[in-house]
Amino acid sequence: MTDRAQKQYEAMRGHFHRTAEQRGFTLDPAQQPPVERLSRLAGELAHPAWRLRRPPRHLYLWGPVGRGKSWLVDTFLDGLPTPRKRRLHFHDFFRRLHEGVAQESPAHREGSAVDRAVDELLGDCRLLVFDEFHAHDAGDAMLVARLFTTLLNRRITLVTTSNYAPAGLMPNPLYHHLFEPTIRLIEERMDVLDVSGAVDFRRQPRSEDARQRFTLGARLAAGTEEAAGLTPPRPEEAGPVAAHHRELPARAVRDALVWFGFDELCEGRTAVPDYLVLAERFPTLVLDGVPPLADASPDARQRFANLVDVCCDRDTRLVLIGADPLAGLPADSGLLRDLDRTASRLALLRQPG
């Protein structure tokens, strides 16, 4: 390691520890290897790109919800002096990639369309961080596969966080085989680090000012809305709400709140880009008529999981009214395993009484 790289490596390690101390916690043992590897990456990136024969190896950080993966990469980016860095939530990037590909002429092959969309979105980026990478939608499997091939073949260093080990991506057994080539590519071209520590940082004490809006949400039984400070929708409040290239029928539209029924938002033909638009516009989203997910269609279950993901990632207050979504799911069922991340996030919502 050159003097320049050593200096940046040591600066980054110190930055991690100082930032943790300022936040009032000590790094978990499971976070130490990622801190070391990210600090080493900072040292590797201290050299101009043209001086390196190839970009530094890519990183894939995975572990359960609440283990500090996003904090690790955010702290890393904050302490990295290069301006040629980007952090993108995977939902956001993939939505914009879809739009870029859709604008291409049908005469172009999908591969070239992905290349051009990546060029437009990343420019001369040298380091790209994807937060919350996952793959559930079989329809998107090939586009995600092409995206990863494009990124890993460029002089861009890719750092991703995920709640899934590479082998756990695309968990639906009907479609998992479609993603196996991408899983092999990730395992071959990326350093895979497990951040599965015992500490759930979401449970750590924090000041009122630091409380997340998502954790101020709630899971309510039908008929208890007013006790929780919510006024049920009035007929005149109903109306269409602009989402992603469509309008959705809301039960109530207020300045800082939008209220939907489960059937309209999850059983209907909605998608992640719609939820992103809603989360950007409304600080609070209410969903009533929530059934046990065992009684919902498979597509509705996945849409519900995506909605919870978006609200949590965008720190949108989510209020669910109806049944316990996870009621009736056997503990050893594959369905409950597929909803593991959703269950972890639902556990953050308050339940009166």
Side-chain angles (χ1 to χ4, degrees), residues 1-23 26-63 67-90 93 115 118-119 121-133 144 147-166 169 182-197:
M1 187 179 291
T2 66
D3 289 345
R4 184 174 184 175
Q6 181 70 28
K7 183 177 180 180
Q8 185 59 50
Y9 160 77
E10 293 175 354
M12 182 60 73
R13 287 186 79 249
H15 175 65
F16 271 112
H17 288 277
R18 285 192 304 274
T19 304
E21 185 177 353
Q22 291 166 2
R23 292 281 298 272
T26 302
L27 291 172
D28 184 75
Q31 292 180 316
Q32 296 289 354
V35 164
E36 180 67 20
R37 183 63 185 86
L38 288 166
S39 298
R40 185 152 49 90
L41 176 57
E44 294 165 347
L45 292 170
H47 297 292
W50 59 268
R51 290 188 57 186
L52 301 175
R53 293 180 57 190
R54 61 178 62 89
R57 275 183 65 83
H58 314 278
L59 302 182
Y60 185 103
L61 308 182
W62 74 276
R67 268 52 183 183
K69 301 182 298 296
S70 295
W71 178 85
L72 286 166
V73 295
D74 287 346
T75 303
F76 169 67
L77 283 177
D78 180 62
L80 199 64
T82 178
R84 295 171 57 189
K85 57 187 177 182
R86 296 286 303 278
R87 180 198 188 281
L88 296 168
H89 191 279
F90 188 71
F93 183 86
D115 289 339
V118 168
D119 284 338
L121 291 170
L122 300 184
D124 67 346
C125 175
R126 187 179 178 193
L127 175 77
L128 173 63
V129 171
F130 270 153
D131 199 21
E132 296 284 355
F133 171 68
V144 174
L147 169 64
F148 256 69
T149 301
T150 296
L151 291 173
L152 295 182
N153 287 338
R154 294 183 175 219
R155 293 188 65 84
I156 297 174
T157 298
L158 176 64
V159 177
T160 69
T161 71
S162 180
N163 296 123
Y164 298 88
L169 295 168
T182 306
I183 291 171
R184 288 194 295 270
L185 185 67
I186 290 171
E187 293 174 336
E188 292 168 1
R189 302 281 295 278
M190 305 185 78
D191 290 341
V192 179
L193 298 178
D194 183 354
V195 192
S196 298

After noting the C-alpha distance and the side-chain angles of L72 and V195, does the key distance pass the side chain to side chain contact (heavy atoms under 4.5 Å, CB included) rule? CA-CA 10 Å; L72 286 166; V195 192; 4.3 Å; yes
Between Q31 and D28, is there a donor-acceptor pair closer than 3.5 Å when you use the side chain of the first and the backbone of the second? yes
Distance (rounded to the nearest 0.5 Å) between I156 CD1 and L158 CG: 8.5 Å
Quick one: sort the F133 and F148 rings into parallel, tilted or perpendicular, breaks at 30° and 60°. tilted
Main-chain N/O of M190 paired with H58 side-chain donor or acceptor, under 3.5 Å: no
Would you say that D194 contacts W62 through its side chain, given a criterion of any heavy-atom pair below 4.5 Å between the two side chains? yes
The reported gap from CZ in R57 to CG in D191 (rounded to nearest 0.5 angstrom) is 4.5 Å
Min side-chain heavy-atom separation L128-V159 under 4.5 Å: no
Classify the side-chain pair E10/Q6 by whether it contains a donor and acceptor separated by less than 3.5 Å. yes
Just to verify, what does F130 make a ring pair (Phe, Tyr, Trp, His ring centres under 6.0 Å) with, not counting sequence neighbours? F90, F93
Any side-chain heavy atom of P166 sitting closer than 4.5 Å to one from V192? yes
Quick one, D124 with R155, criterion salt bridge (Lys or Arg N to Asp or Glu O under 4.0 Å). Give me CA distance, side-chain angles, the key distance, then yes/no. CA-CA 10 Å; D124 67 346; R155 293 188 65 84; over 6 Å; no
OG1-CG distance between T161 and L193, expressed to the nearest 0.5 angstrom: 12.5 Å
Non-neighbouring partners of R87 that pass side chain to side chain contact (heavy atoms under 4.5 Å, CB included), sequence neighbours left out: S70, D74, L77, V129, D131
If I compare all heavy atoms of R13 with all of S39, which pair ends up nearest, and what's the gap? CG-OG, 3.1 Å
Which heavy-atom pair separates S162 from K69 by the least distance, and what is that distance? O-CE, 3.2 Å
Drop me the distance from I183's CD1 to E188's CD, to the nearest 0.5 angstrom. 12.0 Å
Nearest 0.5 angstrom please: L41 CG to L80 CG, how far? 7.5 Å
Just wondering, do L127 and R86 contact through their side chains at under 4.5 Å, heavy atoms? no
Quick one: does L169's side chain get under 4.5 Å of I186's, heavy atoms only? yes
Distance check, rounded to the nearest 0.5 Å: H47 atom NE2 versus T2 atom OG1? 3.0 Å
Under 3.5 Å, is there a donor-acceptor pair between the side chain of R126 and the main chain of L45? yes
